[in-house]
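Report on the following structure.
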Amino acid sequence: MLSSTDFTSASWELVVRVDHPNEEQQKDITLRVSGDLHVGGVMLKLVEQINISQDWSDFALWWEQKHCWLLKTHWTLDKYGVQADAKLLFTPQHKMLRLRLPNLKMVRLRVSFSAVVFKAVSDICKTLNIRRSEELSLLKPSGDYFKKKKKKDKNNKEPIIEDVLNLESSPTASGSSVSPGLYSKTMTPIYDPINGTPASSTMTWFSDSPLTEQNCSILAFSQPPQSPEALADMYQPRSLVDKAKLNAGWLDSSRSLMEQGIQEDEQLLLRFKYYSFFDLNPKYDAVRINQLYEQARWAILLEEIDCTEEEMLIFAALQYHISKLSLSAETQDFTSESEVDEIEAALSNLEVTLEGGKADSLLEDITDIPKLADNLKLFRPKKLLLKAFKQYWFVFKDTSIAYFKNKELEQGEPVEKLNLRGCEVVPDVNVAGRKFGIKLLIPVADGMNEMYLRCDHENQYAQWMAACMLASKGKTMADSSYQPEVLNILSFLRMKNRNSASHVASSLENMDMNPECFVSPRCAKKHKSKQLAARILEAHQNVAQMPLVEAKLRFIQAWQSLPEFGLTYYLVRFKGSKKDDILGVSYNRLIKIDAATGIPVTTWRFTNIKQWNVNWETRQVVIEFDQNVFTAFTCLSADCKIVHEYIGGYIFLSTRSKDQNETLDEDLFHKLTGGQD
């Protein structure tokens with residue numbers, strides 16, 4: 001028999017603070033517990049002692065010193081290592097968070113602070129009706145993000161009250177997910193694929209969601225353009241090092257918000273982190289397409305990605321067009337949309353799917369790998385040489401390009417044969433000047449081999465450029481994406497083609513455009529307002545007939561065609577090096593870039609990676625490639641785990657296929673991004 005003194009010696013006092021939502025101050029409650037009591041038992045004792053009748057199911061214990069949740073309620077205090085000196089907080093797992101979306105709209109909603117960020121983002125995206133949540137993540141803005149705004153606020157006597165979209169009653173609050181019907185492959189289209197408005201029956205899907213028809217339109221439609229003054233007050237990165245700073249704040253997807261020091265009602269940015277956009281479908285993705293368009297738009301306006309003046313004007317024309325359509329009464333008036341016979345539409349879609357393509361062309365695609373052969377001009381840069389192009393007979397087959405002195409020598413040995421797998425392909429185009437060039441940076445043992453090809457006309461350029469781009473990814477012209485890529489390039493070139501339409505000048509008189517809203521501040525300074533407006537309207541002639549969603553998709557495609565697209569920069573120090581370099585992380589490769597000149601030094605393809613991990617003692621990322629090639633670097637502008645997660649995340653996204661269900665293998669994601677192996 002145990003005496004009462006023996007019993008008390010085996011137990012001890014544990015102080016738990018209770019974060020009660022209805023009380024202004026947290027209260028301390030003292031419990032007598034023993035080491036073999038499980039966490040669930042502690043919570044039960046706590047609720048009994050608080051003695052307030054309410055739903056406590058969302059509450060859990062947070063251990064402040066260890067910075068972790070005690071979520072395994074069957075574990076004992078001994079197993080967790082909890083002793084009398086532990087500071088525990090009994091607090092709700094779901095708390096309010098303010099999210100700045102890519103369109104700069106602020107949304108306030110209840111988010112899980114105990115689930116890992118990967119899961120929390122998935123729940124957020126379901127609430128906002130954004131598919132493919134694995135492409136997005138949460139970014140803690142750097143001090144630079146607020147720097148200019150604060151300077152402006154000092155001069156303002158009246159504080160600016162921001163319009164916040166409050167989704168406090170979101171499904172994530174109770175942990176329940178949005179109706180699975182939203183993500184079913186066989187569901188009725190929920191958006192009009194032409195103008196992005198909710199389809200006639202869509203709102204029945206939002207019955208359990210705070211996304212009313214009005215809120216849905218706020219997320220799916222472009223916001224009015226910012227004034228040039230507001231644009232000038234936003235932070236703009238001026239160098240690669242500045243761009244590297246922007247990427248330092250990505251949260252760790254494998255840890256919870258609370259574990260990363262995020263406070264209730266703190267402001268975070270919801271952004272597309274991985275530039276690998278899978279299965280964009282206007283029927284289901286109006287919100288996703290709009291937010292993607294907005295992220296691309298701000299990247300152009302704030303010069304987070306470089307583009308030529310000619311390209312800037314195309315982006316400006318598309319923005320102007322999208323802005324006009326978004327504000328038009330026809331687009332906003334949902335009730336005037338005629339009801340679509342959904343059964344007829346479904347049967348029509350089914351008919352198209354069953355008909356498919358012609359069997360002959362499909363068989364031809366499988367059995368025959370196409371070949372390109374034509375006269376092109378070549379230039380290989382060498383020191384102390386002028387840029388002189390020389391004509392050769394080029395043959396492109398599989399993923400290799402070979403060139404001969406003339407067509408008659410094609411059956412013999414080529415002057416040179418180059419495999420383009422893993423190379424960098426950069427457009428070198430000026431449509432107005434009839435210059436159609438392709439710059440190739442081909443990886444070799446000691447760096448990059450540089451060569452320039454010059455084409456005679458648009459069609460030739462589109463075919464060779466598309467072939468080079470596919471070859472760089474290890475694909476041939478037999479791939480189904482070759483012809484669409486050729487058409488995309490031609491379409492983009494035609495948009496660049498300036499039509500001197502006679503009515504452009506006259507329309508300037510009654511124009512409703514503030515041209516500085518659609519270009520970067522640096523571009524706006526180079527031109528007078530009227531001159532800029534005329535050039536934007538000139539470029540607008542090529543896109544004036546585009547429907548709203550197609551214009552947004554075209555903007556995204558044009559963004560994707562820029563040489564720097566999809567590159568996320570980090571300042572690193574490679575092992576054995578005495579100077580800092582920039583590491584560019586893309587969806588299929590890593591690029592070592594000279595920090596001073598911005599010139600690529602070496603490229604490594606993800607397909608050649610055998611393994612990668614983090615040495616947590618030295619904080620080094622170590623990567624092993626084929627043929628026993630190793631590289632290691634320490635991160636200077638961010639935590640090494642962020643870069644490691646980027647690499648693993650892109651490799652995870654490359655495993656997706658349209659045959660798969662919408663559900664993701666979350667365990668595989670954490671295995672690839674965790675940095676433990």
Side-chain angles (χ1 to χ4, degrees), residues 99-107 109 121 124-137 163-165 167 178 182-183 189-199 202-203 205-206 209-226 269-302 304 315-334 337 517-518 543 546-560 565:
L99 293 178
R100 179 81 62 187
L101 302 185
N103 67 347
L104 303 190
K105 185 74 183 169
M106 182 76 82
V107 173
L109 73 173
V121 170
I124 289 165
C125 288
K126 281 178 181 173
T127 302
L128 302 178
N129 196 22
I130 298 173
R131 291 196 312 150
R132 302 291 175 189
S133 64
E134 66 275 11
E135 296 168 1
L136 296 95
S137 193
D163 181 25
V164 177
L165 179 60
L167 303 179
V178 179
L182 271 174
Y183 297 92
I190 60 174
Y191 295 103
D192 184 319
I194 305 300
N195 59 22
T197 56
T202 298
M203 286 309 143
W205 295 101
F206 295 128
S209 167
L211 270 181
T212 61
E213 191 166 320
Q214 184 186 0
N215 290 346
C216 176
S217 70
I218 288 170
L219 300 181
F221 284 108
S222 180
Q223 299 294 298
Q226 294 269 11
L269 311 180
L270 179 69
R271 293 289 183 269
F272 289 87
K273 177 179 180 179
Y274 298 103
Y275 295 90
S276 176
F277 315 125
F278 189 70
D279 188 26
L280 272 178
N281 191 328
K283 291 179 182 176
Y284 312 118
D285 289 328
V287 176
R288 183 178 170 215
I289 288 169
N290 184 58
Q291 296 299 330
L292 195 50
Y293 156 71
E294 288 284 350
Q295 186 161 325
R297 183 168 85 89
W298 285 110
I300 300 290
L301 290 176
L302 300 178
E304 289 170 16
F315 286 122
L318 282 167
Q319 285 178 73
Y320 173 60
H321 184 63
I322 290 163
S323 177
K324 275 180 69 177
L325 290 182
S326 298
L327 292 171
S328 68
E330 295 80 33
T331 306
Q332 295 290 359
D333 187 10
F334 301 128
E337 294 290 330
C517 297
F518 302 109
V543 300
M546 275 186 199
L548 180 57
V549 176
E550 186 188 330
K552 288 179 184 176
L553 287 170
R554 192 58 62 86
F555 191 100
I556 293 165
Q557 285 170 356
W559 175 47
Q560 289 174 305
F565 167 76

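Predicted model only: the values in this text are computed from it and were never measured.
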Heavy-atom side-chain proximity of Leu318 to Met546 below 4.5 angstrom: yes
Reported CG-to-CZ distance for the pair Leu136 and Arg131, which is rounded to 0.5 angstrom: 12.5 Å
Euclidean distance, Phe221 CZ relative to Asn103 CG, rounded to 0.5 Å: 12.5 Å
Carboxylate-amine/guanidinium proximity below 4.0 Å for Lys552 and Glu550: no
Ala286 backbone acceptor or donor facing Asn290 side chain under 3.5 Å: no
Heavy-atom pair of closest approach, residues Gln319 and Phe518: NE2-O, 3.1 Å
Rounded distance (nearest 0.5 Å) linking atom CD1 of Ile300 with atom CD of Gln295: 11.5 Å
Single hit among Ile289, Leu292, Leu548 for side chain to side chain contact (heavy atoms under 4.5 Å, CB included) with Leu553: Ile289
Minimal non-hydrogen separation, Glu294 against Gln223, with atom names: OE2-N, 3.5 Å
Leu128 side chain near Leu167 side chain, heavy-atom distance below 4.5 Å: yes
Ring geometry between Phe277 and Trp559 (parallel below 30°, tilted from 30 to 60°, perpendicular above 60°): parallel
Close side-chain approach of Leu165 to Lys105, heavy-atom, < 4.5 Å: yes
Derivation and outcome, side-chain contact (heavy atoms from CB on, under 4.5 Å), residues Trp298 and Gln226: CA-CA 11 Å; Trp298 285 110; Gln226 294 269 11; 3.3 Å; yes
Which atom of Pro282 lies closest to which atom of Val549, heavy atoms considered: CB-CG1, 3.8 Å
Minimum heavy-atom distance Arg297-Pro225, with the two atoms named: NH1-CA, 4.5 Å
Test: Glu135 and Arg288 ion pair at under 4.0 Å: yes
Under 3.5 Å: donor-acceptor pair, side chain of Gln560, backbone of Phe565: no
Smallest separation among heavy atoms of Gln291 and Leu219, with atom names: NE2-O, 3.1 Å
Backbone N/O of Leu101 and side chain of Arg271: donor-acceptor pair under 3.5 Å: yes
Pro547 to Leu325 - nearest heavy-atom pair and separation: C-CD1, 3.9 Å
